[in-house]
A.B. asks: 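Starting off with a structure, shown below.
In this text, all values refer to a predicted model and were calculated from it rather than measured experimentally. Quick note on labels: first sequence line is chain A, next is B, and so on, each numbered from 1.
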Amino acid sequence: MDMCPEFERHEREFQLNVEKFEKVPGTEKIDHSRAVKAYARPAAGKEQPLPSDVRPPAVLLSTLDYLINQIVGEDDLGDSHFFVRDRTRSIRQDFTLQNNRGLEAIQAHEIIARYHILCMHQLCENKGFSDQQEMEQLRKVLTSLQEFYDDMRSEGVPCPNEAEFRAYHMLSHLRDPDMIRQAQRLPMHIFQDPYIQVAAEIHALTRRNNDIRRRAKIQSEASPNFFSRFFKLVAGAPTTYLMACLLEVNFVEIRKGALKAMNKCYLDQHGGFPVDDLVAILGFDDAEECIANCEEYDLALTPDRTAVIFGRKDPVTRRRIFKGASHFRMVSYNMSEVILGMKCGDTN
Amino acid sequence: MQAIRSFVREVVQAYKQKDKKAICDLISLDSSSERVEQLSQVLYDMTEESIRSTVAADCESLDAPRPLKDLITNYLIFTIASCLDTSDLADVYELLSTCYGSFLGLYTAFDAQWLTPLLMNISYSLVDWATLADKENPTAKELKVSDAAAKHLSRAFNVVISDKTSNDLKDSKKMALYYLANLTFRVYFKIQSTRLLPTMIANISKAGVKLEQYPMSQQVTHRYYLGRYYLYQLDLRSTERHLAFAFRNCPPQNPHDPQSTNEVTYNNARLILIYLVAARLCLGIFPSQQLLRAYDLEVYFSTLIRAVKLGDLGLLDNHLDSPEVLGWFVKKEIYFLLKEKLRVLCWRSLIRRVWLLNAGQPRVDLNLLVSVGQLLIKDGSFDIWDVECITASLLDQGYIRGYIHSEKKILVVSKTNSFPPVSSVEVAEEYA
């Protein structure tokens, strides 16, 4: 069976809705062998899809194979992103339509999840890329996977990658303590898997209670805010490349929590805190990134800009800095090559 | 046959007279009771069809409302099934479920407050039978208990909440409010679904009743569940508040008295205590050895207390991970909680002890802490930055008062109250 139903191929060609990966090179005509079924937003008034248009699991897997190896593998990740994201969404949709929640569905969803995680890191500086949207899709995929794993367990079928994706699920909701609760309900062999243990450790290290949140998420006593260990752990062996990619989206918040804590424990009369040290501790790319980060929070620098001055009070209100910080969000965050560059050898 | 007809007559009469006690006696769900045994013996010889027609005929002649006829019919059918050893528990549950539906048909009437005691009985039974059915088939995709809660208890709850007839609890359907809520909580916790808890809690608070007006047993149960819920959310102060109340008001008894029939209350008290101790440890409040011993919890918590007091990080991790207790902590879902938070408190203790060793000088050498830390944690990657980081975190949260001189790698503590008692340290509401 084909990767795309015949009717749709003709329909989209007519509507001039053909992606470049599906065109016969040099023309506007659709290449019937390379067309991939698009995601169809379910809408009221639209008819149910024909059973013959719903691709069976084997076809879905080979389609996914094609997308990953021929499209993502051969082409530019950013360039193909819209196409692959849409077509993988369609693959997931076909699994849902036929209510397939078995091993094939799991295999497909696992690959798609990994793809999304990779994109979150590799494309985070691309214009037009929205990490929020990507995270939204990723969370959907991971949530489906959690349900599939539960189903398989009740049937006694083991899933070899379950620990890995349970861990991603935990990390995709880093501030949610319910993830920790859920992890403790997993069977012991999965609970003790390094993936889960590292994910739980990351939850613990990043938990802090120095946030101003008007609609309060609970701020809990004895929260570690152990940012130095966090960045060490992310750079270290137990954290896989994909886990680090997934965590990157939280770096801004974690660094903010770190800087807030530091701002409260140093005195401004003792000279500043060296920027180079901050770069090392907080895993910045370089001094420029660190300085830009600090300046966004109104932290002052020494005249030669080699050190950050913590502990200053705002001269107008005599209160400590950061009071404007809750409204601020860094638009671009740079992934630290230092951290992730060490992992490129990882074959994940 | 005759016995059935007189049963129907009695029920209809009780209904017309709104006789609370009689209706509960008649619609009895206690399979060990004499009445139920007698009934089942008579029913055994009848077909379902004949039961239906007998009841229908009698109800018609007695001018009983249709929902009542349905209730009686379904009750009888359920009763016979529940008494047979050969019955499939799932089927029995379904029959009771149908019966419950008929009952709610009656209960929605605006003047049905007198049926509230029966509501509580039948709700309890529903959950009970659902639990039994699930035990028989634990891997079923749809657990019967969640069916019970979602379909029936929630409907009953809505009926109860919307009763505006009386402000006096004993004349209102709201008398069953916390009973139903507790049953529902029990189900949610059993199926590990915390998703629906906040909605439920919000609905209860809108009901316009005070928990204090209800029987103490319901208060204790309710606050136990609230405490567990807040513990999931890591809201330690709320957890502590609710569980402390629950524990204090559990009926007192002697746990080591072999003659004591209060095994259930002992177990309940112990259950509350486990989570209360866990929450309090993270707040720096330690239970006495006697208390732990009285409830057989020494083996779990004593070492933790010692580790925190000494600031011994290695002991903390080793104990939590030791095979004898690891499974227990994980099962109680407090493993990660304790691991995360007691580690912070260990650091606080450690720094304080190093400070004390220095004869009360306000300075603590951070490099010294690195050496100590490495000894305890046995992790080579542990360095001065980590010490400075955790110290900063402790200062930030208020566990230590002072400042760090980063260049000299010294922590300087304030002259007064440099290490405030852990239990007095509050999370800031508004961070400035």
Side-chain angles (χ1 to χ4, degrees), chain A residues 150-151 153-156 177-178 180-185 188 191-192 200-201 203-205 207-213 216-229 232 236 257-258 260-267 270-274 277 280-281 310-311 319-320 322-323 326, chain B residues 138-141 192 194-195 230 232-238 282-284 327 329-337 339-345 347-348 381-383 385-386 388-397 399 402-408 411 422 425-432:
Chain A
D150 287 339
D151 285 350
R153 181 153 27 258
S154 68
E155 287 174 33
D178 206 54
I180 299 299
R181 177 193 71 84
Q182 286 177 27
Q184 288 168 115
R185 303 230 58 124
M188 201 35 119
F191 172 81
Q192 292 186 309
E201 176 74 357
H203 264 260
L205 292 175
R207 195 169 338 274
R208 60 190 177 93
N209 56 24
N210 59 5
D211 238 332
I212 317 174
R213 290 203 187 267
K217 265 252 144 66
I218 302 298
Q219 310 246 59
S220 180
E221 285 80 2
S223 293
N225 195 13
F226 214 151
F227 46 88
S228 66
R229 297 300 289 172
K232 280 210 186 95
K260 275 181 154 181
M262 295 173 91
N263 194 41
K264 249 194 151 187
C265 73
Y266 299 108
L267 297 184
H270 286 149
F273 195 97
D277 290 342
I281 300 174
F310 289 117
R319 293 174 75 206
R320 296 189 185 264
F322 282 106
K323 50 186 182 61
S326 61
Chain B
T139 56
K141 296 240 175 91
Q192 305 146 37
T194 56
R195 223 176 5 104
Y230 285 121
Y232 282 159
Q233 304 288 305
L234 299 186
D235 184 348
L236 297 174
R237 296 279 175 195
S238 297
C282 300
L283 292 172
F329 280 118
V330 173
K331 188 146 174 281
K332 298 293 176 215
E333 296 171 1
I334 52 180
Y335 171 80
F336 284 130
L337 169 82
K339 198 165 195 168
E340 173 189 319
K341 297 196 175 296
L342 295 186
R343 192 192 305 175
V344 177
L345 298 186
W347 272 109
R348 179 254 180 207
S381 73
F382 195 79
D383 64 17
W385 292 127
D386 294 320
E388 202 162 335
C389 168
I390 191 68
T391 311
S393 180
L394 288 168
L395 285 164
D396 182 36
Q397 295 180 68
Y399 288 110
Y403 63 88
I404 300 177
H405 194 303
S406 184
E407 211 186 311
K408 296 189 191 159
L411 161 69
V422 174
V425 175
E426 304 251 331
V427 168
E429 277 306 312
E430 173 78 34
Y431 185 81

A.B. asks: Sort A/Arg229 into side chain, backbone, both or neither according to what part of it lies under 4.5 angstrom from a heavy atom of chain B.
C.D. replies: both
A.B. asks: To the nearest 0.5 Å, what is the distance between CG (A/Asp178) and CD (B/Gln233)?
C.D. replies: 7.0 Å
A.B. asks: Regarding A/Arg185 and B/Glu333, does a basic nitrogen lie under 4.0 Å from an acidic carboxylate oxygen?
C.D. replies: yes
A.B. asks: Would you say B/Ser406's side chain and A/Phe273's backbone share a donor-acceptor pair under 3.5 angstrom?
C.D. replies: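 Such a contact is absent between B/Ser406 side chain and A/Phe273 backbone.
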A.B. asks: For atom CD of B/Gln192, is the number of surrounding heavy atoms from other residues, nucleotides or ligands below 6.0 Å larger than 12?
C.D. replies: yes
A.B. asks: Does the ring centre of A/His203 sit less than 6.0 Å away from the ring centre of B/Phe336?
C.D. replies: no
A.B. asks: To the nearest 0.5 Å, what is the distance between OG (A/Ser220) and CG (B/Leu236)?
C.D. replies: 4.5 Å
A.B. asks: Can you name the closest pair of heavy atoms from A/Pro224 and B/Ile390 and give their distance?
C.D. replies: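 Heavy-atom minimum between the residues: O-CD1, 4.1 Å.
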A.B. asks: What option among B/Leu283, B/Val422, B/Val330, B/Leu394 has the most heavy-atom pairs under 4.5 Å with chain A?
C.D. replies: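 Ranked by contacts with chain A, first place is B/Val330.
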A.B. asks: A/His270 versus B/Lys408: any side-chain heavy-atom pair under 4.5 Å?
C.D. replies: no
A.B. asks: For B/Leu342, is it the side chain, the backbone, both, or neither that has a heavy atom closer than 4.5 Å to a heavy atom of chain A?
C.D. replies: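 B/Leu342 has no heavy atom closer than 4.5 Å to chain A.
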A.B. asks: Would you mind checking which part of A/Phe226 comes under 4.5 Å of any heavy atom in chain B, side chain (CB onward), backbone (N, CA, C, O), both or neither?
C.D. replies: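 It is both, since atoms from each part get that close.
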A.B. asks: Can you tell me how far CD of A/Gln219 sits from CD of B/Glu426, rounded to the nearest 0.5 angstrom?
C.D. replies: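 Result: 13.0 Å between the selected atoms.
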A.B. asks: Under 4.5 Å heavy-atom distance to chain B, tell me which part of A/Arg207 shows up: side chain, backbone, both or neither.
C.D. replies: side chain
A.B. asks: Which pair of heavy atoms, one from B/Asp386 and one from A/Ser228, lies closest together, and at what distance?
C.D. replies: OD1-OG, 2.6 Å
A.B. asks: When you measure from the side chain of B/Gln397 to the backbone of A/Ser223, do you find a donor-acceptor pair of N or O atoms at a distance under 3.5 Å?
C.D. replies: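 Side chain of B/Gln397 to backbone of A/Ser223: a pair is present.
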A.B. asks: Quick test of your reading of the model: are A/Lys232 and B/Asp383 salt-bridged, counting only N-O distances below 4.0 Å?
C.D. replies: yes
A.B. asks: Contact part of A/Glu201 toward chain B, heavy-atom cut-off under 4.5 Å: side chain, backbone, both or neither?
C.D. replies: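 For A/Glu201, the contact with chain B is made by the side chain alone.
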A.B. asks: Given heavy-atom pairs under 4.5 angstrom as the criterion, report whether the side chain, backbone, both or neither of A/Ile180 touches chain B.
C.D. replies: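 For A/Ile180, the contact with chain B is made by backbone and side chain together.
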A.B. asks: Quick check: closest heavy atoms across B/Cys389 and A/Phe227, and the distance to 0.1 Å?
C.D. replies: SG-N, 3.4 Å
A.B. asks: Strictly distance-based, threshold 3.5 Å: is any side-chain N or O of A/Gln184 a donor or acceptor partner for the main-chain N or O of B/Tyr335?
C.D. replies: yes
A.B. asks: Counting N and O atoms only, with roles assigned by atom type, does the side chain of B/Tyr399 sit under 3.5 Å from a partner on the main chain of A/Ala222, one being a donor and the other an acceptor?
C.D. replies: yes
A.B. asks: Rounded to the nearest 0.5 Å, what separation is found between the CG atom of A/Leu267 and the OH atom of B/Tyr403?
C.D. replies: 5.5 Å
A.B. asks: As an exercise, state the distance from CE of A/Met262 to CD1 of B/Ile404, rounded to the nearest 0.5 Å.
C.D. replies: 8.0 Å
A.B. asks: Examine distances only and state if a side-chain atom of A/Lys264 and a backbone atom of B/Leu395 form a donor-acceptor pair shorter than 3.5 Å.
C.D. replies: no
A.B. asks: When rounded to the nearest 0.5 angstrom, what distance separates CG in A/Asp277 from CD in B/Glu407?
C.D. replies: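 So the CG of A/Asp277 and the CD of B/Glu407 are separated by 10.5 Å.
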